[in-house]
Amino acid sequence: MGKKKSDKKGKGKEKTALKTEKKAEKKAKKELAKKGEDDIETLIAQFHAKDQEKTKYVEEKCDPPSERSNMTLTPHPDKDELIMFGGEFLTGSKVYMYNDLFFYNIKKNEWTKVTAPNAPPPRSSHQAVALRQNGGQLWIFGGEFASPTQSQFYHFKELWVYHIKNKYWERINSPGGPSSRSGHRMVQCKKLLLVFGGFHDNTRDYKYFNDIYAFNVEDYTWSKLDVSGVPPSPRSGCIMAAMPDSYRVTVYGGYSKEKVKRDVDKGTTHVDMIILMPEGKVKDDTLPAKWKWVNAKQSGARPSPRCGMACATAPGNRAFCFGGVFDEEEDEEQLEGKFFNEFYLLDMEKNKWFLVNLRGKREPIEKKKRRRKREDGADMEDGVEEDMEDEEEGGDYEAMEVTTEKVNSMNIEGADDTEMSEGATNTLFDDGVFQVKIGPALGSSPGEEMGNGDSPVQVFKPHPRMGPLMAIKNGVLFLYGGMFERGDKQFTFKDFYSLDLNKMEEWNVLIENDESKLVWDDSGSSDEEMEACGGEEEEEDGSSDDDDIEDILEGCDVPSKEEEENVEDYFERTKDFWIEQSKKYFENEEMRVTTRTATKFAKEMCQEYVNR
């Protein structure tokens with residue numbers, strides 16, 4: 001009898017869950033209908049159908065891409081070009097998704113937009129790798145699509161390749177690949193494309209990954225790697241860099257979050273470094289049979305905790321990193337992002353970090369000619385050149401020649417977890433490919449780099465940001481776009497810079513960052529967000545859907561407002577009450593939102609209540 005009761009109880013739970021899910025789906029459809037927005041699958045199908053109409057290859061010169069973030073920027077495998085694909089642009093009231101394909105000609109400083117048949121649907125937070133085989137290929141995996149109101153998200157698990165020579169897209173149908181995700185990382189490791197991490201979010205729940213898959217670009221097959229050792233914890237947005245001539249991959253940092261209780265999430269910014277390498281010896285013409293994770297001990301001037309750093313690999317097993325953000329908790333309800341524009345070099349062989357300070361362009365040094373008196377009292381040139389006085393005293397650090405081994409053995413940039421004192425001498429890093437001036441890890445103020453002697457030289461730095469794109473082609477590093485937050489506003493950059501890694505002098509501005517043209521349109525956000533959060537909605541019988549402000553606050557002891565108190569001051573004084581009501585509302589509606597969204601809705605409820 002007890003067993004039958006247990007069975008009934010289990011069936012009852014399933015029935016309740018199914019009923020709840022159907023109710024949620026019905027409510028979601030009604031909300032989408034009110035916004036005039038189709039469901040996410042229909043939106044993607046519409047984009048795909050529209051692209052199917054494009055049966056011809058079209059190539060046209062164009063202006064630089066519009067504002068966007070979370071796209072990819074990839075060095076062309078053969079030509080002196082960069083390839084950009086996809087991305088998104090959040091205006092404040094709407095999000096735009098792209099599947100544009102651009103080619104940037106480095107020598108001509110020209111952009112070309114390419115339209116080719118059978119293009120992938122629009123997406124962001126995907127990954128791309130370019131290979132030389134078969135006339136050039138651009139491989140793309142994963143990513144996400146967001147509806148215009150950002151109330152729906154769809155994650156991809158498709159693998160696409162753009163055949164550069166033959167000018168067409170192809171979707172690769174190979175089983176056994178990674179699940180749907182975005183925020184993952186993909187790198188080339190000889191004949192393999194390795195995919196690691198990422199996350200999946202369906203607005204009700206989320207999951208972060210730490211699995212790793214390999215795609216063989218020769219036989220077009222997926223395989224999930226069975227790796228020994230302790231793997232990295234699940235994460236997205238990490239740095240993943242592969243050594244080009246060996247099966248060795250470095251994973252650093254990233255971000256993840258987990259539920260600590262209902263409607264409360266805890267975010268973690270990771271700072272660990274783990275190496276993926278073969279277990280045992282591997283011949284050059286064979287694939288590793290076994291792999292292992294190895295925890296790496298980092299040294300040097302390690303970056304402070306942050307995520308969203310850009311990374312680009314360079315010859316000599318080096319990786320350059322820029323930017324990032326760290327969310328500082330102001331109180332239990334609000335996070336404030338601290339953005340960075342520091343420039344780092346990672347020696348992947350030594351797992352050692354260097355903070356790179358550009359020296360700035362130096363003016364030609366004038367030479368003094370020593371003169372001596374003739375017997376008749378007139379000056380006469382001696383023919384011997386004399387260096388400037390400051391050059392005699394300060395010396396010229398450009399003349400230093402330091403080998404890789406010597407630099408790695410020096411106690412610089414906080415090497416071996418020690419800190420340099422203020423004003424420490426800069427050192428030249430020379431690995432035979434690049435010459436990098438290494439500045440002190442601490443003690444130098446932002447925007448000041450040491451030039452000749454001890455005089456500080458103002459050197460331009462791109463604005464602090466997270467998620468910029470970086471690519472290296474023929475010894476030149478390119479930095480494009482990224483995002484920055486100011487209060488509740490999120491701005492998307494479309495500026496563009498280059499840096500000659502052989503000179504390490506200064507950033508060359510290709511597209512200026514004009515802050516007066518940054519876009520954030522929240523003029524209609526109040527009404528739209530009230531609708532998204534459950535604005536006034538009529539039931540089939542004509543009754544309200546309990547979304548009116550009076551219904552939300554029914555039974556609540558609303559704090560009184562003083563006569564001369566404005567809305568802003570009133571909200572700050574009673575903020576805890578309004579945030580509590582906001583969270584209760586979303587909980588009752590079975591909607592999972594971020595703390596920032598709950599706080600913003602709390603402000604809107606407060607304003608609506610005062611102005612009712």
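In what follows, every heavy atom counts, from backbone to side chain, and hydrogens, waters and symmetry copies are set aside. In this text, all values refer to a predicted model and were calculated from it rather than measured experimentally.
Between F215 and the choices W160, W139, F141, the ring pair (Phe, Tyr, Trp, His ring centres under 6.0 Å) rule is met once, by W139. Here the options are F343, Y252, F320, the test is ring pair (Phe, Tyr, Trp, His ring centres under 6.0 Å), and the partner is W353; only Y252 passes.
Shown here for G183 and R185, the closest heavy-atom pair between the two residues is O-NH1, 3.7 Å. P244 approaches K190 most closely through the heavy-atom pair O-CG, 4.4 Å. In this structure, P462 and N341 approach most closely via the heavy-atom pair O-ND2, 3.0 Å. Minimum interatomic distance between N351 and K297 (heavy atoms only, all atoms of both residues): CB-O, 3.7 Å. Closest of all the heavy-atom pairs between F491 and V519 is CD2-O, 3.9 Å. Between C238 and G253, the closest heavy-atom pair is CB-O, 3.3 Å.
In this structure, a donor-acceptor pair under 3.5 Å is absent between the side chains of T72 and Q127. In this structure, a donor-acceptor pair under 3.5 Å is absent between the side chains of S180 and H200. E144 and S182 share a side-chain donor-acceptor pair at under 3.5 Å. With 3.5 Å as the limit, one finds no donor-acceptor pair spanning the side chains of T250 and R248. Side-chain contact of N70 with E88: a donor-acceptor pair under 3.5 Å is present, judged by distance alone. Counting only N and O atoms by type, the side chains of W520 and Q490 include no donor and acceptor under 3.5 Å apart.
The shortest side-chain heavy-atom distance between E505 and R359 falls under the 4.5 Å cut-off. With a 4.5 Å cut-off on side-chain heavy atoms, M273 and V251 do not count as touching. M466 places none of its side-chain heavy atoms less than 4.5 Å from the side chain of C307. Side-chain contact between N357 and M504: absent, with no pair of heavy atoms (C-beta onward) separated by less than 4.5 Å.
For H126 and F85, the ring centers sit closer than 6.0 Å to each other. Checked against the 6.0 Å centroid criterion, the rings of H184 and F196 do not qualify as a close aromatic pair. For an aromatic pair to be called close, the ring centres must be under 6.0 Å apart, and F340 with F322 fails this.
Between R306 and E342 there is a salt bridge, since at least one side-chain N of the basic residue sits less than 4.0 Å from a carboxylate O of the acidic one. Under a 4.0 Å N-O distance rule, the pair D488/K600 does not qualify as a salt bridge. Residues D80 and K473 are not paired through a salt bridge, judged by the lack of any N-O separation under 4.0 Å between the basic side chain and the carboxylate. With respect to the salt-bridge test (charged N to carboxylate O, under 4.0 angstrom), the residues K494 and D514 do not qualify.
A cation-pi contact links R68 to Y98, judged by a cut-off of 6.0 Å to the six-membered ring centre and 45° from its axis. R181 forms no cation-pi arrangement with F199, by the criterion of a distance under 6.0 Å to the ring centre and an angle within 45° of the ring axis. The cationic group of R123 lies under 6.0 Å from the six-membered ring centre of F156 and within 45° of the ring axis, placing it in a cation-pi geometry.
By the 30° and 60° cut-offs, the orientation of the rings of W111 relative to F496 is tilted. Between W507 and Y497, the ring planes lie perpendicular to each other; the angle is over 60°, past the 30° to 60° tilted range.
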ask   = After noting the C-alpha distance and the side-chain angles of D265 and Y206, does the key distance pass the side-chain hydrogen bond (donor to acceptor under 3.5 Å, both in side chains) rule?
value = CA-CA 11 Å; D265 300 320; Y206 57 85; 2.9 Å; yes

task = Show the numbers, then the answer: is there a side-chain hydrogen bond (donor to acceptor under 3.5 Å, both in side chains) between Y104 and N109?
result = CA-CA 7 Å; Y104 173 70; N109 190 25; 2.6 Å; yes

task = For the pair T492 and F484, evaluate side chain to side chain contact (heavy atoms under 4.5 Å, CB included) and give the outcome as yes or no after the intermediate values.
result = CA-CA 7 Å; T492 303; F484 178 79; over 6 Å; no

ask   = Does the pair H76 and F103 meet the rule for a side chain to side chain contact (heavy atoms under 4.5 Å, CB included), with working shown?
value = CA-CA 9 Å; H76 193 292; F103 286 77; 4.0 Å; yes

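Note that the OG atom of S69 and the CE atom of M483 stand 4.5 Å from one another [nearest 0.5 Å].
Not a single donor-acceptor pair under 3.5 Å links the side chain of N508 to the backbone N or O of L499. Of the possible donor and acceptor atoms, one in the side chain of Q133 sits under 3.5 Å from a partner among the backbone N and O of V217.
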